[in-house]
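All remarks here apply to the structure that follows.
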There are 2 protein chains.
Amino acid sequence: MKNSEGSQALLEEAASKLRQAGYKLTRPRRVIMEWFYRKQEHATPHQVHAAVKDFGVGLTSVYRNLELLAQVGILRQVCFHDGYQRYEPVLPGDHHHHLICSGCGKVVKFFNCDLDKLEEQLAAETGYVVDRHMLQVFGYCRRCQKDR
Amino acid sequence: MKNSEGSQALLEEAASKLRQAGYKLTRPRRVIMEWFYRKQEHATPHQVHAAVKDFGVGLTSVYRNLELLAQVGILRQVCFHDGYQRYEPVLPGDHHHHLICSGCGKVVKFFNCDLDKLEEQLAAETGYVVDRHMLQVFGYCRRCQKDR
DNA sequence: GGTCTAACTGAAATTTGATTTCAATTAGAC
DNA sequence: GTCTAATTGAAATCAAATTTCAGTTAGACC
Ligand SMILES: [Mn+2]
Ligand SMILES: [Mn+2]
Ligand SMILES: [Zn+2]
Ligand SMILES: [Zn+2]
């Protein structure tokens with residue numbers, strides 16, 4: 001119940017963001033957002049498509065809307081450096097990064113990146129307006145350590 | 001002079017790493033490494049190929065050897081999240097990351113990432129053997145701020 | 001030096017994630 | 001309801017990256 005309530009609230013918030021940015025709330029967009037809010041996990045365009053194609057959403061629209069939803073701030077792009085794009089939902093107050101197993105691809109979230117001062121310092125030193133950062137930590141999970 | 005001496009020393013060191021790993025020191029590999037040590041900058045496979053094709057090095061070999069040289073620790077993969085692979089030379093005692101302008105792609109290096117404790121903490125918490133991390137900071141350079 | 005062979009190469013073919021094109025559909029303003 | 005610009009899905013296309021394969025070569029061994 002908590003979950004579906006949260007999902008509903010997030011969806012309304014997202015719809016409002018879309019409207020505010022001048023975009024329509026189309027069926028593909030709603031389906032994609034609902035899926036992400038239910039799953040609350042990162043996914044590649046093909047994974048998203050596999051999950052929504054039964055609702056008549058084409059792969060092209062998946063690509064287009066993942067990009068658009070990220071631009072509006074409903075999704076965010078993440079990168080595991082395996083050659084695939086990935087997106088995940090932006091949840092309120094959730095700033096995290098990923099620890100990735102180089103052996104099997106298993107991913108663990110972590111939340112204490114603590115890079116605010118670095119961003120400030122960089123802005124001061126370079127004159128850049130600093131926006132955001134992406135951080136990925138790599139290693140080997142317990143299982144993959146044994147297999148070596 | 002300092003520079004060419006350094007280049008020479010790095011090249012010998014790299015050749016030794018290759019030998020040690022059981023790989024041959026072929027002409028394409030030497031040409032690619034020489035180019036990276038001279039340029040000391042990140043580059044995409046196509047940029048590397050443009051620079052070495054006049055020495056008879058094919059694009060396929062560029063791809064293959066960038067991957068191999070990275071695996072041996074002579075190069076390292078870097079990522080600007082623009083859909084292209086990039087590599088740069090591993091120079092002794094040089095740990096840096098990139099501040100990238102989302103407007104024009106201009107890149108500034110920085111050296112004070114300070115993520116060792118985070119890595120240790122993650123290792124302790126998760127049981128992963130932590131290897132390395134990748135960090136990219138995004139913003140807008142002075143020029144691109146005006147254009148907006 | 002010469003001989004040998006597994007490692008390596010470049011060109012061409014192929015794969016595949018992502019983008020572009022375009023005619024048909026639709027969200028939402030009026 | 002009417003209208004229209006935004007949006008869609010299928011197909012075509014693009015381009016980065018990989019695979020294939022016959023020919024070449026680094027370097028071990030004499
Ligand atoms: Mn995540
Ligand atoms: Mn660099
Ligand atoms: Zn693993
Ligand atoms: Zn810029």
Side-chain angles (χ1 to χ4, degrees), chain A residues 11-12 14-35 42-72 74-75 77-88 105, chain B residues 11-12 14-35 42-72 74-87 105:
Chain A
L11 201 63
E12 278 164 33
S16 145
K17 273 186 195 166
L18 268 184
R19 245 175 274 122
Q20 194 147 352
Y23 297 115
K24 295 181 177 176
L25 178 57
T26 63
R27 211 167 61 89
R29 284 171 192 167
R30 196 166 26 72
V31 170
I32 290 170
M33 291 189 298
E34 277 171 357
W35 183 78
H42 44 80
T44 65
H46 279 84
Q47 290 170 334
V48 175
H49 180 237
V52 302
K53 70 177 168 217
D54 291 341
F55 300 93
V57 180
L59 182 58
T60 316
S61 287
V62 170
Y63 274 105
R64 276 191 295 232
N65 285 319
L66 291 180
E67 187 183 354
L68 183 144
L69 293 172
Q71 192 223 303
V72 175
I74 293 171
L75 301 179
Q77 227 181 344
V78 295
C79 182
F80 295 173
H81 299 280
D82 59 359
Y84 299 100
Q85 293 184 356
R86 277 188 180 74
Y87 292 85
E88 65 182 12
Chain B
L11 201 64
E12 277 164 33
S16 145
K17 274 187 194 165
L18 270 184
R19 245 176 274 122
Q20 193 148 352
Y23 297 115
K24 294 182 178 176
L25 178 56
T26 63
R27 212 166 62 89
R29 285 172 192 166
R30 195 164 28 73
V31 169
I32 291 170
M33 291 190 296
E34 278 171 359
W35 182 78
H42 42 79
T44 65
H46 279 83
Q47 289 170 335
V48 175
H49 179 238
V52 302
K53 71 176 166 217
D54 291 341
F55 300 93
V57 179
L59 182 58
T60 315
S61 286
V62 169
Y63 273 105
R64 276 189 295 231
N65 285 318
L66 291 180
E67 187 184 354
L68 182 144
L69 293 173
Q71 193 222 304
V72 175
I74 294 170
L75 300 180
R76 136 179 56 235
Q77 226 180 348
V78 295
C79 182
F80 295 172
H81 300 278
D82 58 358
Y84 300 101
Q85 294 183 356
R86 278 188 180 74
Y87 292 85

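All values reported here derive from a predicted model rather than from experimental measurement. So that the names make sense, note that chain A is the first sequence line, chain B the second, and so on, each numbered from 1. Computation of the quantities below employed the complete heavy-atom set of this structure, encompassing side-chain atoms and omitting hydrogens, waters and symmetry-equivalent molecules.
Of the candidates D:dA11, D:dT8, C:dA18, the closest approach to any side-chain atom of A:H46 belongs to C:dA18. Taking the side chain of A:R29 as heavy atoms from C-beta on, and the options D:dA10, D:dT7, C:dA11, the nearest nucleotide is D:dT7. Distances from the side chain of B:Q85 to the nucleotides C:dT9, D:dA11, D:dT18 place D:dT18 closest. In this structure, the nucleotide among C:dG17, D:dA10, C:dT9 sitting nearest to the side chain of A:T60 is D:dA10.
As rounded to whole Å, 12 Å separates atom C1' of C:dA18 from atom CD of A:Q77. Per the geometry, CD belonging to B:E67 stands 6 Å off P belonging to D:dT18, to the nearest Å. Atom CG of B:L68 and atom C1' of C:dT9 are 13 Å apart (whole Å). Here D:dA16 presents its P atom at 14 Å from CG of B:L66, a figure rounded to the nearest Å. Put simply, CG on A:D82 is 15 Å from P on C:dT16, counting in whole angstrom units. Across the protein-nucleic acid pair, B:L59 atom CG and D:dA17 atom P stand 9 Å apart, rounded to whole Å. The CZ atom of A:R30 sits 15 Å away from the P atom of D:dT7 (whole-angstrom rounding). One atom, CG of B:L18, and another, C1' of C:dC8, lie 13 Å apart when rounded to the nearest Å.
The residue among B:G56 and A:G83 whose nearest nucleotide of DNA chain C is located toward the 5' end is B:G56. Along DNA chain D, the nucleotide nearest to A:V62 and the one nearest to B:P45 differ in position, and the one closer to the 5' end is contacted by A:V62.
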- If a protein heavy atom is under 4.0 Å from the base, mark B; if only from the sugar-phosphate, S; if neither, -; do that for nucleotides 22-30 of chain C going 5' to 3'. -----BS--
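Residues B:R27 and B:G56 approach most closely at NH2-CA, 4.3 Å, considering heavy atoms. Contact between B:V62 and B:I32 at its shortest, heavy atoms only, is CA-CD1, 4.1 Å.
Contact check, A:N65 against D:dT7: no side-chain N or O comes under 4.0 Å of OP1 or OP2. Considering only side-chain N and O atoms, A:Y63 lies under 4.0 angstrom from the phosphate OP1 or OP2 of C:dA18.
Shown here are the salt bridge (charged side-chain N to carboxylate O under 4.0 Å, His left out) partners of B:D54, two or more places apart in sequence or in another chain: there are none.
Distance check: A:F80 CZ to A:H42 NE2 gives 4.0 Å after rounding to the nearest 0.5 Å. Rounding to the nearest 0.5 angstrom, the gap separating the CD atom in A:Q77 from the CG atom in A:L66 is 9.0 Å.
Looking at B:Y63 and B:Q85, their side chains come closer than 4.5 Å, going by heavy atoms from C-beta outward.
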Could you give the side-chain donor-acceptor pairs of residues 15-26 of chain A under 3.5 Å, partners two or more places apart or in another chain?
| from | atom 1 | to | atom 2 | distance (Å) |
| --- | --- | --- | --- | --- |
| A:K17 | NZ | A:G73 | O | 3.4 |
| A:T26 | OG1 | A:R29 | N | 3.4 |

